[in-house]
Amino acid sequence: LCRGGLAERLCRLQNRERSAISFWRHQCISDGKTPSGTSGVLIVKILEIFEECTIQVAICQQLEQSPVTLSPEDAVVNAEEPILKVLFTRETAAYLKSRPQDVIHIYPPWQKLLLQNADVPVIMNTYFSQKVPLSEHSEAREKTYGLTKMLIRKNIISLAQTFRLDDLDDKLCQEPSDNQVACAPQIHNNSDSKQHPLALSAVNDSLLEMVERQGAVGWREVQVRVVIQRVYCLPAREGYRSHTQGNKPLLSNGGMFCRLCLLVQDAYGMFSEVQLQSLSSTDDMEQYCRRWEGKSCCLAGMKILQRTTRGRALGLFSLIDSLWPPVVPLKVPGQSQDSEMMTTNLPPPSFCYILTVQSGEMRVEVDEEEQISNLYQPPAVHALKEILRIDGCNERCSFWAQVLYQRLQTKHNVPVDQRDILLFVTDSALQNVVHGIPKVVAVSVTASCVLSMGIREALSAGSRLVFFKDALWGNGRIICVERTVLLLQKPLLCLAAGADLSELTGPVRLDELDSTTQANSVCALRGTVVGVNESTAFSWPTCDRCGNGKLELCPQDRELLYCNQCSEVVTTPVLKMQLEVFLSCPSRSQSTVKVKVWHETGVGVLGTYEVHSVLGKEVGLLNCYVHSVTSHPNCVALEEIVLL
């Protein structure tokens with residue numbers, strides 16, 4: 001808001017007004033009685049209640065001045081006083097919980113409005129109102145009535161009727177029973193939705209309107225129709241772990257607790273993140289992605305967890321920006337919804353409401369048989385070489401890639417399940433590039449990115465073609481963060497703009513070690529062994545059948561080795577070794593190149609464990625992980641790796 005502007009002054013005034021009302025009500029509750037004194041107090045008895053334009057209208061009759069503890073049955077109606085039409089805001093109506101025959105005390109500063117051509121005065125500014133305490137008889141009646149749910153008539157006033165347009169549809173003037181909504185909130189599960197047709201009859205298409213009308217307490221009776229743009233899981237906060245849905249705990253991502261989330265968008269372009277609760281398995285997330293993304297759904301039983309902005313949630317808004325501008329024209333609040341008035345020339349959203357479920361009242365109705373919504377924007381799939389040319393920062397990108405190697409990042413005092421993972425990936429386009437672009441790209445998977453068990457098991461088993469959806473690109477790096485999803489199956493809908501989705505057929509080639517090689521990357525290495533660090537060298541025999549590295553001496557023959565896992569004598573053990581060698585590499589002639597060679601692959605490369613036989617040996621293309629690159633001293637430290 002502009003400092004000193006009308007909007008800021010109005011906002012301050014509204015805040016003071018809300019504070020004054022809350023303080024007054026708190027004083028009434030703490031004193032246990034209505035405020036003393038009847039000067040200027042208007043006492044009315046409710047005859048009828050209905051709702052119009054989000055305002056609760058009570059048709060009342062004024063009562064004679066009477067004691068505060070007067071029961072509704074003993075209230076004396078003054079026939080000389082005219083009928084009054086009393087307006088209560090939604091917040092005041094929710095506080096009073098009024099019914100017909102209730103007696104209400106309205107305290108100043110209420111105002112009386114006299115309308116032309118109308119006999120019934122209108123009472124406004126009724127914020128300071130209290131319901132008269134009930135007598136014992138009235139209290140018993142209230143308990144009895146409380147078991148039955150009262151319906152409030154809801155008058156729908158169309159704009160055509162208000163402005164007396166010529167093409168007024170007579171149907172808009174009617175007040176069908178379908179427009180009645182329940183006065184008292186009631187818990188609804190998916191199973192009993194058909195038993196309460198009135199409870200969720202009204203459907204809105206504006207998230208912002210529902211938030212403004214219902215407030216932070218949430219909404220139960222009204223549904224909001226939205227389109228599910230993305231489905232993903234988020235790691236839960238510490239305090240969220242105790243929340244469960246029924247007897248099901250929140251799903252666990254390794255040792256991290258997670259929850260299912262939806263990014264939804266309404267017909268006006270407004271986004272909200274809906275944080276649901278537990279899944280039985282992280283693999284269910286992939287099912288929900290396939291079944292729900294792009295479909296329309298109705299939300300009910302929601303409450304506002306947070307209103308967030310770009311500065312507070314850069315990751316969320318980077319995903320929202322990737323879905324903007326919309327692919328179809330949006331509705332514009334306050335304007336005609338003719339096609340020529342609908343426009344996509346709108347600024348991207350600057351705020352977003354985080355919604356969560358009210359305890360036991362969550363309702364997400366997705367019509368899975370319905371066609372994909374026109375508002376849905378599937379992920380645009382690009383080739384890796386196209387992503388590497390993007391100039392922007394914090395851009396969301398989606399791509400297919402073959403995972404060649406994975407490595408857990410080493411961090412002190414950080415549990416294994418909370419460490420970042422480096423995935424080295426490639427595709428057919430990168431493999432065919434001659435120069436200028438790396439053949440293998442590192443993708444950093446942060447601990448906040450939830451990986452399904454299917455992904456984890458697939459990467460442990462071997463190289464797989466993986467779909468990276470909504471990863472983050474910036475500063476020359478691809479990062480999988482919150483709201484990034486890794487899938488093994490191709491999405492039903494995706495825009496593959498020039499992306500080559502074919503799997504690799506030939507052998508994988510890595511970039512050779514040169515002056516541009518950086519730390520935490522992979523490369524191919526060739527050179528001549530010029531030195532061996534004997535202090536760190538060691539070897540051990542392993543079973544040639546199962547690979548067991550803990551062999552024992554055979555009890556019958558102490559010269560033979562015995563494998564407990566195979567329960568067999570090992571006659572031809574496989575020698576595994578770790579050896580740190582120094583190479584002379586033509587591509588880094590000015591650097592000291594130190595390589596840790598180990599396992600039986602080292603035997604295959606160097607041929608023997610004897611130091612004098614290793615020196616001077618030519619090493620062919622050796623796949624390595626680069627630990628560090630330093631300039632003082634000029635040294636490159638590598639480790640031999642085996643690709644998946």
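- Ile104 and Ile46 make their closest contact through CG1-CD1, 3.9 Å (heavy atoms, listed as atom of the first residue, atom of the second, distance).
- The shortest non-hydrogen separation linking Tyr268 to Ser206 is CE1-CB, 3.6 Å.
- The shortest side-chain heavy-atom distance between Val227 and Ser296 falls under the 4.5 Å cut-off.
- Among Arg230, Gln229, Gln377, the one residue that satisfies the side-chain hydrogen bond (donor to acceptor under 3.5 Å, both in side chains) test with Gln265 is Gln229.
- Heavy-atom minimum distance, Cys233 versus Val450: O-CG2, 3.6 Å.
- Heavy-atom minimum distance, Trp292 versus Leu276: CZ3-CD1, 4.3 Å.
- Put simply, the residue from Val481, Asp321, Leu323, Ile320 that forms a side-chain contact (heavy atoms from CB on, under 4.5 Å) with Arg396 is Val481.
- Between Gln61 and Val44, the closest side-chain pair of non-hydrogen atoms is not below 4.5 Å.
- Annotation: the span from Ser19 atom OG to Trp24 atom CH2 amounts to 15.5 Å, rounded to 0.5 Å.
- Between Glu293 and Lys469, at least one side-chain N (NZ, or NE/NH1/NH2) sits under 4.0 Å from a carboxylate O, which counts as a salt bridge.
- Remark: Ile106 CD1 to Leu42 CG distance equals 4.5 Å, nearest 0.5 Å.
- Between Ile21 and Thr92, every side-chain heavy-atom pair lies at or beyond the 4.5 Å cut-off.
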**Item:** Chi angles and distances behind the side chain to side chain donor-acceptor pair (under 3.5 Å) call for Arg18, Asn15
**Value:** CA-CA 5 Å; Arg18 281 193 290 266; Asn15 289 337; 2.5 Å; yes
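- Note that CE of Met124 is 4.5 Å distant from CG of Leu113, once rounded to the nearest 0.5 Å.
- Taking NZ of Lys85 as the reference point, atom CZ of Phe50 lies at 5.0 Å (rounded to 0.5 Å).
- Closest of all the heavy-atom pairs between Leu47 and Ile83 is CD1-CD1, 4.0 Å.
- With a 4.5 Å cut-off on side-chain heavy atoms, Leu355 and Val264 do not count as touching.
- Taking every heavy atom of both residues into account, Arg307 and Arg312 meet most closely at O-NH1, 3.2 Å.
- Between His105 and Tyr107, the ring planes lie tilted relative to each other; the angle falls in the 30° to 60° range.
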